[in-house]
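Heads up: the structure comes next, in structure tokens.
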Amino acid sequence: MSTFFIYSGMSLDLGSLKAFGAAGVVYFLIRIAGKYAGAYAGCALTGSACKVKSLLGLALIPQAGVAIGLAFLAQRILPPDMGDMLLTIILASSVLYELAGPGAAKCALVLSGEIPSPHRKE
């Protein structure tokens, strides 16, 4: 598992982020919106509590391992320039998800009442 993420980090081309920046930002935002929408729809279909329905998407933000694996596969299949662009966008956004994700997941757990708020005295 460590080797996979080390190799992924070594493949990230920081120089090309400027060229693909706008596409990366769009991907970053659409992926978060998709997780929210999918989690909300799934919870609605199963009759989950309103609190779960509204917070599950927030807790799913840091999940990015499958996207990285698929990006490496796509890089091998697509033309070199397109494959490199896709890999750079996925890897860079995955770094952002992994930086913001744990805080978002903790926020979802605090807001749902599953863990106590660090600022609330009980």
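A quick note: this is a predicted structure, and the numbers were derived from the prediction, not measured.
- Considering every non-hydrogen atom in both Lys106 and Ile115, the closest pair reads CG-CD1, 4.1 Å.
- Atom CG of residue Leu56 and atom NZ of residue Lys51 lie 14.0 Å apart, to the nearest 0.5 angstrom.
- Evaluation of the side-chain hydrogen bond (donor to acceptor under 3.5 Å, both in side chains) rule for Ser112 yields no partner, not counting sequence neighbours.
- Minimum heavy-atom separation, Ser93 to Tyr27: OG-CE2, 3.0 Å.
- Side-chain contact between Ile90 and Phe72: absent, with no pair of heavy atoms (C-beta onward) separated by less than 4.5 Å.
- When the side chain to side chain contact (heavy atoms under 4.5 Å, CB included) test is applied to Ala33, no partner is found at least two apart in sequence or on another chain.
- Taking all atoms of both residues into account, the shortest heavy-atom contact from Ala104 to Ile61 is CB-CD1, 4.0 Å.
- Under a 4.5 Å side-chain heavy-atom criterion applied to ILVMFWY residues, the cluster that includes Leu55 comprises Leu111 as well.
- Of all non-hydrogen atoms in Val110 and Pro116, the two that sit nearest each other are CG2-O, 4.1 Å.
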Side-chain atoms of residues 38-49: list all donor-acceptor pairs with protein atoms under 3.5 Å, sequence neighbours left out, distances to 0.1 Å.
residue, atom, partner, partner atom, Å
Thr46, OG1, Gly42, O, 3.1
Thr46, OG1, Cys43, O, 3.2
Thr46, OG1, Ser48, OG, 3.1

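- Val26 and Ile32 fall into different hydrophobic clusters, where Ile, Leu, Val, Met, Phe, Trp and Tyr residues are linked whenever their side-chain heavy atoms come under 4.5 Å apart, directly or through other members.
- The side chain to side chain contact (heavy atoms under 4.5 Å, CB included) test applied to Ala105 returns no partner, not counting sequence neighbours.
- The side chain to side chain contact (heavy atoms under 4.5 Å, CB included) check on Leu96 picks up Phe28, with sequence neighbours excluded.
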Mind listing the side-chain donor-acceptor pairs of residues 78-86 below 3.5 Å, one per line with the distance, residues two or more places apart or on another chain?
residue, atom, partner, partner atom, Å
Asp84, OD1, Gln75, NE2, 2.8

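- When side chains are defined from C-beta on, Leu58 counts as touching Tyr36, because their heavy atoms get closer than 4.5 Å.
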